[in-house]
Asks: 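One structure coming up, written as structure tokens, with questions to follow.
Chain letters run A, B, ... following the sequence lines, proteins first, then strands; residues in each count from 1.
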Amino acid sequence: MPASPDLLRVDDLGLRCELGSFHVDPWRPVEHAVITHAHADHARPGSGRYWCAEAGLGLARRRLGAKAEITPIPYGQPFDLGSVRVSLHPAGHVLGSAQVRVESPAGEVWVAAGDYKRAHDPTCAPFEPIPCDAFITEATFALPVYRFPEPGIVMDEIVRWWRENAERGRVCVLFCYALGKAQRLLAELHARREQLPQAFAWVHGSTNLLNPAYAEGGIDLLPTRRVSDRDANNPKDAHGKRDYTGHLVLAPPSAAGSTWMRRFGPASRVDTAFASGWMHIRGVRRRRGYDRGFVISDHADWADLVRTIEEIGCRRVLATHGSSRTLARYLREQGLDASELETPYETEGEDG
Amino acid sequence: MRRFADLFERLDRTTSTNARLDAMAAYFRETPPEDAAWGVYFLIGEKLKRLVKSADLRRWAMREAGIEEWLFRECRASVGDMAETIALLLPERAHDPEPSPEPVLLLETLGEDADAPSERDLSLSRWVERLSVLRHLEPREQERRVVSWWRELSAREVFILNKLMTGALRVGVSRTLVVRALARAFNIEKERVAHRLMGGFEPTPDAFCRLIAPEGSAEDRNVSRPYPFFLASPIAATSDQEADVESLGDAREYLAEWKWDGIRAQLIKRAGEAGGSLTLWSRGDEDLTLRFPEVTAAAARTPGAFVLDGELVAYDHDAQRPHPFGVLQTRIGRTNVHERALREAPGVFIAYDVLELDAADLRSRALVERRRLLEDLLHAHAGDRRAITVSECVVATSWEALRERRASSRSRGVEGLMLKRLDSPYRVGRVRGDWWKWKVEPLTIDAVLTYAQPGSGRRANLLTDYTFSVWRNEPGGELVTITKAYSGLNAKEIETLDKWIRQHTLERFGPVRRVEPTHVFEIGFEAIGVSDRHKAGLALRFPRMLRWRTDKNPHDADTLASVLELLPSRGADAPPAQTVQEADALHPLPEKTEDSRTL
Ligand SMILES: [Zn+2]
Ligand SMILES: [Zn+2]
């Protein structure tokens, strides 16, 4: 049988499907774009027409703008583009994240998984393994040293951290990415609301913007208040100055070390933490200089990457993001046809 | 072990001095002396001798984790630390329990195993016993034991265990902080604890109990024990990066001395049983008594009992200046001192101060008074002045005059000036206000970044170990490695450079990347000497990056000839050109292999 050309391959604009005349997560504007999720390196504005998972429409809309032409598709419902049949399936990464399944007229099936994880996340539908011939996987944490603890255990640690700091009269600032991680934490905290020192959390403006998309999706989050200079509701101490003692503040990592932090008082009264898979490595924890690192990731760890590829049972794997070279070599040694796919997706990007 | 691992984790987690003090104080209070002794020992930076080879440890871990060597190496490169890599790679174990927020209780409750705590959590001292046997075992037996320990410990404890076995445990707290924690835990003056900790610490329960004994106990009269050193502080800089000496007040209130580039040490001669004792202690807490017999012999001939603070240098009596630090180093490593070493690199103890005279502690007296006693003591025995001398006073009545004298530092082979208030007592540690160091400006060259590799520890994921080169002959020709440097850039520059390096790597040799010779850096250093460490045949002392010269292109970097201009006393040494050739001949390997090996 003559080898058929790849159903999906990288061109200057993105991951291209020639037969369907569309791109998956294009990094430059194209005519037709199927997007896996709303993170900035996957959903870029400027394309003619977009398709995304229905559950992700709210976030995609906020990312791509009010004028973008977006067609929401329910998970699992096939639709035709050119001569291929496309369907979107849960990736478990963030709300509305999808794997893109593409089936050629000859019956060959490719799945571009985008970013994904297998760990529990109350804000999105769990990852579904889709049988296929070729699987395009991410490899953000594709080294065997990345074996993440159960998120439930880490969440309990976060609650404990908040409580201890509240008792010691300190402010907790938990850095996390504004899209996905923040809401996942808020949902997990909501589930533990009985144990929390406060009934709500403070959030940075950028995080606050995205929360309504989750409410629209029917996901319960811990109530939040926006940290703002003007907001009359901000807590005040006896001298009329704002006082966040005993409170938890969620903020994007870019706020760390910025003047925005000054409002929480002297550094000695603020305990900072970062919630990310990168916190698994001591050197990274120390370099970033947070008081605590909570290992909670929206990406699959090594064990889950390998397990997923085994479960899917595909003969061919293409790896993107991060340690793609390592993952490809490892899989080749396991007898698979594996290679790396050069893409400009963030390696240590916003959603670690 | 769990208690110590928890302490390590707590110290690792926070940068707050107070939190660290609290964590250590709680540990010392709540830990039995036999364990606390080892805790002190490791916290002040002492290590066990390496018990197993790193290569063996790596092989066992690969077998236990079922991982190929190439994959292990990639993990190691990403994590930046072997002990941690192994801890993270070993097969699934229970999640590390949180270190408890409260000080750990003496009897930890261990759930259903509470009856057999020794099985579940061996004490640190028992672990040290367990470990010390390792060295005498066959590799196969070593492996069997180590692997069985790995299986029973949590990842956090495996990390500590690996660090202990490879003699590489670094807790990263200063000795001063440990002293303060002990003082806080047992309510003793910190100066007292610092003093008791001088002269080496034996990790025994007795030693720990002596360390924390109430004030005024017999422990404070040990005959060979040095005093804690008083350290000078750097002078705050003015806006144009000059030391702001004027801010120190009147120059006439200070004693100025040369800042010698040697080893700070105390020479201790005390009366006692069996003829008393004579010891030479370095500031690094090393006993140098046997290494510098010419100095101790001179001290023995000097009548009386005393403790002197001074600088140990290797002195060039003909040139009337100290030899470069490298020459002194050849003496430090040796206990059996040859005739030739005594002739070519004679040790001289340059005394700054007298801390004790005939059993009386003089430290609270004014410097000017101590100085007079020091001169009386040593000048009365002028015959021994070759091996013990009094540090020369640099006499000047104004900062301007001192600034002029300081300009001659480099030609005298000193690092600059020390300024000490005439009325200052001899304090403990680095207390700002009385003693200042006024170093000369660093020497500088412009060099091109040519290689980079990941740093270690907290910089493990960033390329922060840089190698720099200068032009061998004419700019644009061949570049020759001159030095490595790690420090001097800010976090933002490091990150920018890291990104650039990854995009402009020409070749990779393991973790080392050869990069496009594009970026020029101003490298500052204290001194330059001949060495075969780098291909240029030179070694820079204390090199660091002063500035990223984005305004310069690589052709503007220095040439070997211009760097050689900086070598001191060129006439006296071998001709520089020849030196370079000789140095290169030591590494007859082709360029590529040589660099990847030595970098
Ligand atoms: Zn993502
Ligand atoms: Zn991504």
Asks: When the side chains of residues 305-313 of chain A are checked against the rest of the protein, which donor-acceptor pairs come out under 3.5 Å, sequence neighbours left out?
Replies:
residue, atom, partner, partner atom, Å
Arg307(A), NE, Asp304(A), OD1, 3.2
Arg307(A), NH1, Glu311(A), OE2, 3.3
Arg307(A), NH2, Asp304(A), OD1, 3.2
Thr308(A), OG1, Arg118(A), NH1, 2.8
Thr308(A), OG1, Asp304(A), O, 2.5
Glu311(A), OE1, Arg118(A), NH2, 3.2

Asks: Looking only at heavy atoms, which of residues 328-337 of chain A get nearer than 4.5 Å to chain B?
Replies: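 The stretch touches chain B at Arg329(A), Tyr330(A), Glu333(A).
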Asks: So, using ring pair (Phe, Tyr, Trp, His ring centres under 6.0 Å) as the criterion, who are the partners of Trp260(A) when residues are at least two apart?
Replies: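 Trp260(A) satisfies ring pair (Phe, Tyr, Trp, His ring centres under 6.0 Å) with His204(A), Phe264(A) only.
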Asks: Do other residues, nucleotides or ligands put more than 12 heavy atoms under 6.0 Å from the NZ atom of Lys499(B)?
Replies: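 Count not over threshold, so no.
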Asks: Would Asp291(A) and Arg13(B) count as a side-chain contact (heavy atoms from CB on, under 4.5 Å) if you check the C-alpha gap in whole Å, the side-chain angles of each, and the deciding distance to 0.1 Å?
Replies: CA-CA 6 Å; Asp291(A) 294 312; Arg13(B) 247 178 212 179; over 6 Å; no
Asks: Is Arg168(A) close to chain B through its backbone or its side chain, or both, or neither, when contacts mean heavy atoms under 4.5 Å?
Replies: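 Contact with chain B is absent: no heavy atom of Arg168(A) under 4.5 Å.
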Asks: I would like to know whether Tyr146(A) and Cys75(B) meet side-chain contact (heavy atoms from CB on, under 4.5 Å); could you show each step before the answer?
Replies: CA-CA 9 Å; Tyr146(A) 292 108; Cys75(B) 291; over 6 Å; no
Asks: So which heavy atom on Thr326(A) is nearest to which on Trp70(B), and how close?
Replies: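 What the structure gives for the nearest pair is O-CH2, 3.5 Å.
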Asks: Could you give me the CA-CA distance, side-chain angles and deciding distance for Asp81(B) and Arg282(A), then say whether salt bridge (charged side-chain N to carboxylate O under 4.0 Å, His left out) is met?
Replies: CA-CA 9 Å; Asp81(B) 179 278; Arg282(A) 177 169 176 254; 5.1 Å; no
Asks: Are there over 12 heavy-atom neighbours, none belonging to Arg163(A), within less than 6.0 Å of that residue's CZ?
Replies: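 Not more than 12 within 6.0 Å, no.
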Asks: Any side-chain heavy atom of Ile281(A) within less than 4.5 Å of one from Leu88(B)?
Replies: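 Yes. Closest side-chain heavy atoms under 4.5 Å.
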Asks: List in chain and number order the residues that pass side chain to side chain contact (heavy atoms under 4.5 Å, CB included) with Glu194(A), two or more places apart in sequence or in another chain; answer none if no residue qualifies.
Replies: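 Once residues adjacent in sequence are excluded, Glu194(A) has no partner under the side chain to side chain contact (heavy atoms under 4.5 Å, CB included) criterion.
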Asks: Taking atom CZ as the centre, does Arg180(B) end up with more than 12 heavy-atom neighbours from other residues, nucleotides or ligands that are less than 6.0 angstrom away?
Replies: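 No, CZ of Arg180(B) has 12 or fewer neighbouring heavy atoms, counting only those of other groups under 6.0 Å.
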Asks: Is Phe159(B) in contact with chain A via its backbone, its side chain, both, or neither, using a 4.5 Å heavy-atom distance?
Replies: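 For Phe159(B), the contact with chain A is made by the side chain alone.
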Asks: For residues Leu143(A) and Glu74(B), report the shortest heavy-atom separation together with the two atoms involved.
Replies: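 Looks like CD2-CB, 4.1 Å.
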